[in-house]
Amino acid sequence: MNNNQDSTAHLQLFDTYRRGLFPFTSLLEDVVSLYVCGPTVYDYAHIGNLRNYLFVDILRRVLEANGYRVKHVMNITDVGHLTSDADSGEDKMLKGARMRQRSAWDIAKYFEAAFLKNMQQLQILSPTVLCRATEHIDEQIEYIQALEIKGFTYQTADGIYFDTRKLHSYGYLARLDIEGLQAGKRVDLGGKRHLTDFALWKFSPDNSTEVERQMQWSSPWGVGFPGWHIECSAMSERYLGKKFDIHVGGEDHINVHHSNEIAQCEGRHGQQPATFWMHGRFLQMAGEKLSKSGSSIRLDDLISEGVEPLALRYLFLTSHYRSHMQFSVKALHSSALALKRLRVMLASWPDHGSVDPVLKNSFNRLVNRDLNTPQALALLWKVTKSELCEPNKKATILYFDKVLGLSLKMNPVSAAVPQHILQLAELRQQARVDKNWRRSDVLREQLLGLGYQIIDSAEGFKISRK
RNA sequence: GGCGCGAUGACAGAGUGGUCAUGUAGCGGACUGCAACUCCGUCAACGCCGGUUCGAUUCCGACUCGCGCCUCCA
């Protein structure tokens with residue numbers, strides 16, 4: 001909407017379903033309905049998880065920059081496999097040790113809060129609706145009943161399953177080769193009829209030797225809990241209807257989770273739920289993906305090493321969301337430095353300039369081309385070196401920052417400096433006046449060790465966090 | 001075994017059939033008591049082999065290497 005410019009300026013997004021870049025048009029005139037597969041809250045989010053939500057945040061901001069209001073729904077998967085039976089080893093032992101004496105419900109609540117805090121630290125806008133799987137059990141049961149009535153389900157010893165053979169289109173999103181999969185299957189089918197069939201409802205183990213599940217509900221099929229995929233279908237429909245504009249998730253969801261969501265929706269309504277399917281690629285470290293169970297890095301780890309959260313945001317924006325990114329502390333530091341330099345530069349420029357219309361246009365064009373933040377950042381740096389007057393540079397860059405979300409207006413130099421630090425800095429200044437170079441160098445080293453950097457100038461000195 | 005993705009300078013990472021990405025680092029210089037900050041200047045790349053083309057890092061094909069999903073995972 002309201003893109004009165006040429007066609008290249010119109011928002012274009014990559015749709016996994018059609019495997020290509022397409023002009024974005026919304027179902028309703030000025031509202032975009034967006035569903036995001038949120039976190040499973042059984043552990044801390046690592047920075048790879050966070051990258052994906054940052055991608056969503058950019059999408060949201062770009063949509064808003066295009067004049068849309070965004071109805072942004074994200075689920076919290078708080079139905080986990082947090083049973084007391086250890087069916088997948090060491091990871092759960094670690095969790096148990098960390099969270100000893102706490103129920104599955106408490107754990108979900110705890111990690112949800114930790115996740116939301118990370119969102120805030122990265123200046124990721126809150127969804128307009130945040131919905132928990134455990135609070136929508138009725139909708140899920142109803143959804144399964146609807147599928148049952150249409151004949152897409154069957155029962156096995158451990159649950160109710162979706163029969164994927166009943167849908168000719170199954171797996172189209174992932175371009176799955178069903179026959180090939182079947183031929184090369186590596187997993188035991190259990191009671192399933194076909195490899196791609198999946199659980200809609202799982203029965204609680206009624207074996208008395210096993211400790212009772214902490215999270216379970218009664219249903220028409222018996223006591224149990226919902227399958228992995230049904231929550232997203234049930235909740236997206238609840239909040240956005242059976243057809244909405246954009247569905248987002250990580251690349252790992254293409255093959256299974258989203259294929260199954262589509263299957264559920266096609267089973268019930270005869271159509272797939274979203275116009276656009278968008279997927280963020282993984283962050284990697286040393287060439288490998290990060291994982292919740294293996295070695296991973298959390299935002300809190302970085303913060304405790306003195307890294308500002310928004311430096312991570314900057315780093316992520318230097319790559320495209322559809323590329324794998326190699327994370328390293330070195331790269332993070334280079335981003336932190338770049339970010340700081342931008343802020344110092346902006347702080348030194350006068351306010352009350354006006355946004356340059358040509359550059360504004362170029363910026364919008366870049367982010368409208370499938371959220372090309374790397375090029376948008378490159379443009380930003382070009383603005384700093386452009387012929388514009390300083391107030392206008394500043395206004396233009398702050399306009400960019402509405403999408404980038406880097407708090408470029410923050411002035412690192414004027415940030416509060418503790419009194420004792422300031423005193424040291426003044427002692428050093430006095431030593432310099434006395435030409436006591438040795439003493440002044442010692443004090444400078446000391447301040448640096450405390451994380452503060454002195455910037456000398458003709459008029460005196462300034463001090464800022466390193 | 002099935003499906004898919006990638007290979008760009010020291011690092012991170014865009015992009016393009018023939019002109020510069022960008023940031024950090026490096027190098028040279030200015031500034032400085034010495035530094036830092038800042039400023040000016042500067043080096044540097046497109047995995048390998050063929051093909052298409054006047055011309056390919058960019059298009060096509062083979063190869064090598066790497067990665068993801070198929071099992072909870074963004």
Side-chain angles (χ1 to χ4, degrees), chain A residues 16 19 36-40 42-43 45-56 77 80-82 87-88 91-92 171 174-188 195-196 228 248-257 259 279-284 287-294 296 314-315 317-342 344-345 348 366 372-382 384-385 413 432 435-438 440-441 444-445 448 453-458 461-462 464 466:
Chain A
T16 307
R19 296 289 157 97
V36 182
C37 283
T40 305
Y42 68 93
D43 200 348
H46 62 246
I47 55 176
N49 299 127
L50 300 179
R51 181 186 183 209
N52 206 53
Y53 299 104
L54 178 62
F55 143 53
V56 177
T77 301
H81 261 313
L82 293 170
D87 56 337
S88 74
D91 178 41
K92 285 181 178 172
R175 308 294 191 267
L176 290 183
D177 171 357
I178 308 292
E179 302 306 325
L181 271 178
Q182 203 75 29
K185 73 183 171 204
R186 292 170 155 192
V187 264
D188 191 357
L195 193 63
T196 48
W228 314 115
V248 188
E251 62 170 320
D252 56 323
H253 284 154
I254 299 169
N255 281 283
V256 178
H257 182 57
S259 291
H279 297 93
R281 287 288 178 78
F282 281 151
L283 181 70
Q284 306 189 327
E288 290 180 5
K289 71 160 185 167
L290 295 153
S291 69
K292 279 191 179 172
S293 49
S296 67
Y314 184 103
L315 176 65
L317 294 182
T318 65
S319 76
H320 187 85
Y321 77 91
R322 271 192 300 116
S323 296
H324 289 294
M325 175 175 220
Q326 300 298 326
F327 177 82
S328 70
V329 173
K330 186 178 175 184
L332 180 61
H333 282 315
S334 83
S335 288
L337 196 50
L339 179 60
K340 186 183 170 188
R341 284 177 181 165
L342 282 176
V344 170
M345 205 184 302
S348 73
L366 291 174
N372 200 324
T373 54
Q375 291 201 318
L377 273 177
L379 176 67
L380 190 157
W381 281 99
K382 284 175 185 163
T384 67
K385 293 165 194 158
V413 174
R432 294 189 70 219
K435 299 211 190 300
N436 186 346
W437 307 129
R438 174 188 284 257
S440 98
D441 286 351
R444 183 170 65 199
E445 279 304 308
L448 214 52
Q453 184 181 46
I454 290 200
I455 301 158
D456 289 320
S457 69
F461 70 91
K462 288 178 178 171
S464 72
K466 196 163 50 155

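Numbered from 1 within each chain, the chains take letters A, B, ... in sequence-line order. No experiment lies behind these values; they were computed from the predicted model shown. Below, all heavy atoms of this structure are taken into account, side chains as well, without hydrogens, waters or symmetry copies.
A tilted orientation is assigned to the rings of F282(A) and H324(A), their planes being inclined by 30° to 60°.
Among the heavy atoms of the strands lying under 4.0 Å from H253(A) are primed sugar atoms or P, OP1, OP2 only; no base atom is included. W437(A) comes within 4.0 angstrom of a nucleotide base, judged by non-hydrogen atoms across all strands. Nucleic acid contact for F55(A): none, since no nucleic acid atom lies under 4.0 Å from a heavy atom of the residue. In this structure, R175(A) reaches the sugar-phosphate backbone alone: every heavy-atom distance under 4.0 Å involves primed, P, OP1 or OP2 atoms, never a base. Residue K382(A) is classed as a sugar-phosphate contact, given heavy-atom separations below 4.0 Å to backbone atoms only. Across all strands, I454(A) comes closer than 4.0 Å to base atoms (heavy-atom distances).
Expressed to the nearest 0.5 Å, how far CG of L176(A) lies from CD1 of I254(A) amounts to 10.5 Å. With rounding to the nearest 0.5 Å, the separation of CG in L379(A) from OG1 in T373(A) is 12.5 Å. Note that CZ of F55(A) and CZ of R281(A) are 11.0 Å apart. Values are rounded to the nearest 0.5 Å. Taking OG of S440(A) as the start and CZ of R438(A) as the end, the distance is 11.5 Å to the nearest 0.5 Å. The structure places CZ of R341(A) at 11.5 Å from OG1 of T384(A), a figure rounded to the nearest 0.5 Å. One finds the CD atom of Q375(A) at 13.5 Å from the CG atom of L380(A) (value rounded to the nearest 0.5 Å).
Distance check on atom C1': U22(B) versus G18(B) gives 23 Å, rounded to whole Å. Taking atom P in both G51(B) and C69(B), one finds a spacing of 38 Å when rounded to whole Å. Taking the C1' atoms as reference points, C65(B) lies 33 Å from C27(B), given to the whole Å. A12(B) and A7(B) have their P atoms separated by 13 Å, given to the nearest Å. Distance check on atom C1': A21(B) versus G15(B) gives 7 Å, rounded to whole Å. Of the P atoms belonging to G1(B) and C72(B), the separation is 23 Å, rounded to the nearest Å. Distance check on atom C1': G66(B) versus A56(B) gives 24 Å, rounded to whole Å.
Here C67(B) is the nucleotide among C67(B), A12(B), G68(B) with the atom lying nearest to any side-chain atom of Q284(A). The side chain of D441(A) lies closest to G33(B), out of A74(B), G33(B), C37(B). Comparing G33(B), C69(B), G68(B) by their nearest atom to the side chain of R432(A) picks out G33(B). For T40(A), the listed nucleotide lying nearest its side chain is C73(B); candidates were A12(B), U22(B), C73(B). The nucleotide whose nearest atom lies closest to any side-chain atom of Q326(A) is, among A74(B), G68(B), A12(B), A12(B). Each of C73(B), G15(B), C70(B) was ranked by its minimum atom distance to the side chain of V256(A); first place goes to C70(B). In this structure, of A74(B), A14(B), G13(B), it is A74(B) that holds the atom nearest to the side chain of L283(A). Closest contact between the side chain of S328(A) and the listed nucleotides A74(B), C11(B), C72(B) involves C11(B).
Judged as a side-chain hydrogen bond (donor to acceptor under 3.5 Å, both in side chains), and not counting sequence neighbours, the contacts of H320(A) are D370(A). In this view, N436(A) satisfies the side-chain hydrogen bond (donor to acceptor under 3.5 Å, both in side chains) rule with no residue, not counting sequence neighbours.
Whole-Å rounding puts the L339(A) CG to U24(B) P distance at 11 Å. The nearest whole Å value for the distance from the NE2 atom in H320(A) to the C1' atom in A12(B) is 16 Å. Protein atom CE of M325(A) is 16 Å distant from nucleotide atom C1' of C67(B), rounded to whole Å. The distance from atom CD of Q375(A) to atom P of A21(B) is 13 Å, rounded to the nearest whole Å. What separates CD1 of I254(A) from C1' of G68(B) is a distance of 9 Å, to the nearest Å. In this structure, OH of Y42(A) is placed 12 Å from C1' of U71(B), rounded to the nearest angstrom. Regarding F282(A), its CZ atom lies at a distance of 18 Å from the P atom of G4(B), rounded to whole Å. Atom CG of L366(A) and atom C1' of U22(B) are 12 Å apart (whole Å).
Residue side chain R444(A) does not reach the base of A36(B) through any donor-acceptor N/O pair under 3.5 Å, judged by distance alone. At a cut-off of 3.5 angstrom, the base of A74(B) holds at least one donor-acceptor pair with the side chain of H46(A). For D456(A) and G33(B), a side-chain-to-base donor-acceptor distance below 3.5 Å is absent, hydrogens and geometry of angles not being considered.
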Derivation and outcome, side chain to side chain contact (heavy atoms under 4.5 Å, CB included), residues T318(A) and M325(A): CA-CA 9 Å; T318(A) 65; M325(A) 175 175 220; 3.6 Å; yes
Check the pair T77(A) / W228(A) against side chain to side chain contact (heavy atoms under 4.5 Å, CB included), numbers first and verdict last. CA-CA 9 Å; T77(A) 301; W228(A) 314 115; 5.8 Å; no
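For the pair A174(A) and Q453(A), both in contact range of RNA chain B, the more 5′-proximal nearest nucleotide belongs to A174(A). Nearer the 5' end of RNA chain B, as judged by each residue's closest nucleotide, is the contact made by S440(A), out of S440(A) and G48(A).
Between L54(A) and L317(A) there is a side-chain heavy-atom pair separated by less than 4.5 Å. Looking only at side-chain heavy atoms (C-beta outward), W381(A) and L342(A) come within less than 4.5 Å of each other. You'll find the side chain of L377(A) reaches within 4.5 Å of the side chain of Y314(A), heavy atoms only.
Phosphate proximity of A14(B) to N372(A): absent, as no side-chain N or O sits under 4.0 Å from OP1 or OP2. Look at S323(A) and you won't find any side-chain N or O under 4.0 angstrom from OP1 or OP2 of C5(B). Side-chain N/O atoms of K385(A) include one lying less than 4.0 angstrom from OP1 or OP2 on G23(B).
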Taking only nitrogen or oxygen atoms into account, show me every contact under 3.5 Å that the protein makes with nucleotides 8-10 of chain B, one pair per line with its distance.
none

Under 3.5 Å, N/O pairs linking protein and nucleotides 59-61 of chain B:
none

Between the protein and nucleotides 25-30 of chain B, which nitrogen or oxygen pairs come in under 3.5 angstrom?
from   : atom 1 : to      : atom 2 : distance (Å)
A25(B) : OP2    : R341(A) : NH1    : 3.4

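A side-chain donor-acceptor contact under 3.5 Å links R51(A) and S319(A).
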Report the secondary structure of RNA chain B in dot-bracket form, marking unpaired bases with a dot and bases paired to a different strand with |, and treating Watson-Crick or G-U pairs with both distances under 3.5 Å as paired. (((((((..(((.....[...))).(((((.......)))))....(.(((..]....))).))))))))....
